[in-house]
Amino acid sequence: MAANPDTIPETKVQFELNGRTIEALEGETILQAAKRAGVEIPHLCYKDGYREVGNCRSCMVEIEGERILAPSCCRQPKPDMKVKSDNERALLSQKMVLELLLADMPDQGESPYAQNSELDYWVKKLGVGKPRFEQRHEPTPDLTNAAIAVNLDACIQCTRCVRACREEQVNDVIGYAFRGEESKIVFDLDDPMGDSTCVTCGECVQACPTGALMPANGVGKIEPDKQVESVCPYCGVGCLLTYNVKDNQILYANGRNGPSNQSRLCVKGRYGFDYVHHADRLTKPLIRREGKPKTTEILSQDQLDEYFREATWDEALTFAAAGLKKIRDDIGPQALAGFGSAKGSNEEAYLFQKLVRTGFHTNNVDHCTRLCHASSVAAMLETIGSGSVSNQVKDVAEAEVMIIIGARPTVNHPVAATFMKNAAQNGKKLIVMDPYRSEIARHATYSLQFNADTDVPLLNAMMYTIIEEGLQNDDYIRNYTEGYEELKQNVMDYPPEKVAPITGIPAETIREVARTYATAKGSMIFWGMGISQHVHGTDNARCLIALALLTGQVGRPGTGLHPLRGQNNVQGASDVGLIPMVYPDYQKVDDPEVQAKFEKLWNTKLDPKPGLTVVEIMTAVHEGKLNGMYIMGENPAMSDPNLSHARQALADLDHLVVQDIFFTETAGFADVILPASAFPEKTGTFTNTDRRVQLGRQAIDPPGDARQDLWIIQQLANHLGLDWTYESVSDVFEEMRLATPSIAGMTWERLNAEDSLTYPLEKEGDPGSPVIFQDGFPTKSERARFVPAGYVHAAEMPDPEFPFIFTTGRQLEHWHTGSMTRHATVLDAIEPEAVANIHPEDMKALDIKPGSNVVIESRRGQVTAKARADAGMARKSVFMAFCYNEAAANLLTNEALDPFGKIPEFKYCAIRIRPETHGDAGQHSRSEAVGAA
């Protein structure tokens, strides 16, 4: 029987360094062992985690018995080896290298771009004086990138930036070109950085030891007052980072070695923080002026003072609560609803849903999960009894096969995508399945660009192949599942030869992909909103789950199911009950035992009926059944489908309370606006897509009279008659532990010490569970259930009048509705205006020139945007990000819902498109709804 790898003792090598015996772990270099032992050896081309290249030669050491010096970053010690890093010979070599490098620095002195650069540090450490050598030519600075300044006069050609770009982030932009004195770092084909394919992740800046690559605004030279360890406020990857702060201003952010990012960041995490300092931040409570009625018009920042007046906090809270109480008491609790936020902390989400349930006395509470993965969660709860991912992203290192379907991780989860690309580089097979051919497809073994709306037949055909060829895992099916015969009967209607003309994928390719997935020792499936945002989104997810169960590809490292979460805390907000049909930990509101448990915990009577979802709430307003809302950090006037429908509902509300950091499109419909705290201005926990609960720490203070969100929620609750006395974030966390069994074993003290803990973690001291479903499933039978899915078309198909398909989503530089990123200087500079991605052949057929304006129209509205040629697009389809209020993509989308997840069909509706004509000019400066009031 093989030994448990966890019990195998780690091999160590003893050797002598500078007369002292130290130990090196297996595979360690002399430099790495020295660093662990606290011995400093100069090094510049070496960086922890990067491949060693040994090209700077600043780490030279003498090894007894060898004629020449050796680079300690590339040399591994042997037993009883004797190494000197501080004798005369080694020091002379180290100093000579540093002197030569210093000679080529600007003015042959300290870096003018970086505060205490690594080169400056070693020069001072070894006492290197004024160089004796002439300086070479000084390259012209490249300032074409909005975020990164390129100062090659400070470049020592250590190639850390090359490895950062090509091996860590796998973006393949930075290279090393030319020869001899002309050799240098280049971007693509020696393009200016701003004109290259650089995605501005900043990994090269973090890697650079001299300041040759630095933030473009020069803040790298400023010494911060403090450094605050926190979490990225954007996507669900949950990258840990450090804010560098001076005078209550964030100067810059660095990635730190978190379990989900290993010091990596993307453009948003590294450069998207200065929205918190924007002049448009809300700093005073506001009340709508008398005589300023609501219409469907979207108000601009310039109209703020015209429509709203400043108020004190007491006046604003009293006014906000009075309007909500009047509706609750005069009309009834079901006439109220609340939208919480996936941007906020777990503690904020928990208190928000508790306020709605105990203060409003209704379960009409939801958030943006209804607009992203609601159908995935519905399918997972139905089939495997849990809405959580089974395995973490890092498990790609253990897998043999990765499927990415309905997702663009290089755009929506950029740091997670780097690990997928790393795995592909290391020989793992990547299968990409999507109607859009995204950048990550170039790393794929198989890239299936199937016809939109045909996910179910494609996945059923894969399962047909697996069953027909006997590749299913009979033992797993027998021991851990139920309903297999019904699934088998269903998929027999989907042979690849029948499905091929429907999906556009050859039958043999479908068969090859099915075999590859089924026969691997470990296969993982990642999916995004290309799966979930359909009227058949639940069916799509049912098929993916069935595929994993059919082959036993779940419950082990390197296997499993992972719906990639979109926002930074959409997982956590759902976990703590910010959804209408369940309390925290997905405990059903219509279960009498669960209801009794929460009535005891919260000391109140609770509504036993599930509440309304996001789109259902808007429909209820139109039907006159819902009159008041409290919206915290959400922006339905931009994020909902068929925006004319949503905006009319917001205008029709008798009383709307909005809590946010900017005057968002939704805030323009408010009766009272409460200025809140941005992410770096508060402390709380956030749960990423990996089920990691992580601690975000306050770095700066809110501006003006803006207040912490937890304070606002508690004050409003007490104005509604609740007696809440939470004194700190940790108080709320302690109550969350009581309400949420899956995190009951987490303590605030342990989170503060470790930053990141994985649930389920039910008992204090438990390590957490990176892989779940190893011994069954949290269902009544402890078995997973196969749920067959049939082929259902989208709610609205193209026709001669509207012949194109329209789909929405996010883009790399912007996030959700843009309320944060469009106030971030760098991000808005890179992508300042709305674009429509169209296949070049379609543009040619329609006589549309790249960069020209196009008018896009559906049965619900029309927008104008710039045309962008994109060969990854399928023919007869158009993509737009939904973050631009001047071209609001969701004016076009369909509010048709998946019947199970109640999620709108954002990924498919019928449109027509044409070049903007002279007669259109000036008419579409703002997006407009067809027939809107």
Side-chain angles (χ1 to χ4, degrees), residues 6 229-231 236 238 240 258-260 344-351 353-354 377 380-381 384-395 555-557 560 562 565 568-579 582-588 591 593-594 596-598 600-602 683-697 710 726-779 782:
D6 293 334
E229 295 183 338
S230 193
V231 188
L240 299 191
S260 297
S345 68
N346 288 320
E347 293 75 18
E348 292 163 1
Y350 175 80
L351 282 196
Q353 62 86 33
K354 182 181 176 183
V377 172
M380 294 173 78
L381 290 173
I384 59 179
S386 169
S388 298
V389 301
S390 68
N391 294 59
Q392 299 178 332
V393 171
K394 71 173 185 178
D395 255 17
R556 294 175 284 115
H562 194 122
R565 309 303 190 184
N568 62 316
N569 201 38
V570 70
Q571 180 68 60
S574 301
D575 292 342
V576 300
L578 197 61
I579 39 183
V582 294
Y583 296 122
D585 237 2
Y586 306 95
Q587 300 172 79
K588 294 183 177 180
D591 183 320
E593 291 185 12
V594 171
K597 169 186 170 181
F598 280 93
K600 181 178 179 181
L601 178 64
W602 293 338
T683 294
T685 62
F686 301 82
T687 307
N688 78 344
T689 190
D690 282 335
R691 292 181 278 108
R692 298 185 194 274
V693 179
Q694 306 189 125
L695 189 59
R697 296 179 177 88
L710 275 183
Y726 304 100
E727 294 183 1
S728 66
V729 181
S730 59
D731 288 349
V732 183
F733 183 80
E734 287 304 308
E735 184 175 309
M736 275 169 44
R737 293 175 62 198
L738 299 175
T740 315
S742 63
I743 65 166
M746 294 185 186
T747 65
W748 189 259
E749 292 73 23
R750 186 176 170 191
L751 267 173
N752 200 42
E754 299 183 31
D755 281 337
S756 180
L757 296 171
T758 299
Y759 73 79
L761 201 162
E762 297 178 353
K763 296 179 181 177
E764 291 187 24
D766 285 355
S769 307
V771 180
I772 55 177
F773 314 136
Q774 297 182 67
D775 301 309
F777 298 88
T779 61
E782 297 186 353

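Since the model is a prediction, treat every value here as computed from it, not as a measurement.
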Expected output: side-chain [X] to main-chain [Y] donor-acceptor under 3.5 Å:
| X | Y | value |
| --- | --- | --- |
| Gln694 | Gly238 | yes |
| Gln353 | Ile579 | no |
| Glu735 | Val732 | no |
| Ser230 | Arg697 | yes |
| Gln392 | Asp690 | yes |
| Arg691 | Val389 | yes |
| Asp585 | Ala739 | no |
| Ser769 | Pro760 | yes |
| Asn569 | Gly344 | yes |
| Arg737 | Met746 | yes |

To the nearest 0.5 angstrom, please state how far the [atom1] atom of [X] sits from the [atom2] atom of [Y].
| X | Y | atom1 | atom2 | answer |
| --- | --- | --- | --- | --- |
| Glu762 | Ser742 | CD | OG | 7.0 Å |
| Ile743 | Leu738 | CD1 | CG | 9.5 Å |
| Leu601 | Lys354 | CG | NZ | 6.5 Å |
| Leu757 | Thr685 | CG | OG1 | 10.5 Å |

Using the side-chain contact (heavy atoms from CB on, under 4.5 Å) rule, take Lys588 and Val594 through it: C-alpha gap first, then chi angles, then the decisive distance, then the call.
CA-CA 7 Å; Lys588 294 183 177 180; Val594 171; 5.7 Å; no
Under a 4.5 Å cut-off applied to non-hydrogen side-chain atoms, are [X] and [Y] in contact?
| X | Y | answer |
| --- | --- | --- |
| Val729 | Glu347 | yes |
| Pro778 | Phe773 | yes |
| Ser574 | Tyr586 | yes |
| Tyr583 | Lys597 | no |
| Leu240 | Glu229 | no |
| Ser388 | Gln571 | yes |
| Phe686 | Val693 | no |

Ignoring hydrogens and angles, state whether a donor on the side chain of Asn346 or Thr687 is under 3.5 Å from an acceptor on the partner side chain.
yes
Take atom CD of Gln774 as the centre, draw a 6.0 Å sphere, and report whether it contains more than 12 heavy atoms from other residues, nucleotides or ligands.
yes
Check step by step if salt bridge (charged side-chain N to carboxylate O under 4.0 Å, His left out) holds for Asp395 and Arg556.
CA-CA 10 Å; Asp395 255 17; Arg556 294 175 284 115; over 6 Å; no
Can you name the nearest heavy-atom pair linking [X] to [Y], along with the distance?
| X | Y | value |
| --- | --- | --- |
| Leu695 | Val231 | O-CG2, 3.3 Å |
| Tyr726 | Asp731 | C-OD2, 4.0 Å |
| Gly684 | Ser345 | CA-CB, 4.1 Å |
| Asp766 | Arg750 | O-NH1, 2.8 Å |

Restricting to ring-ring contact (aromatic ring centres under 6.0 Å, His included), what partner residues turn up for Phe733, sequence neighbours left out?
Trp748
Is any side-chain N of the basic residue among Asp755 and Arg692 closer than 4.0 Å to the acidic one's carboxylate O?
no
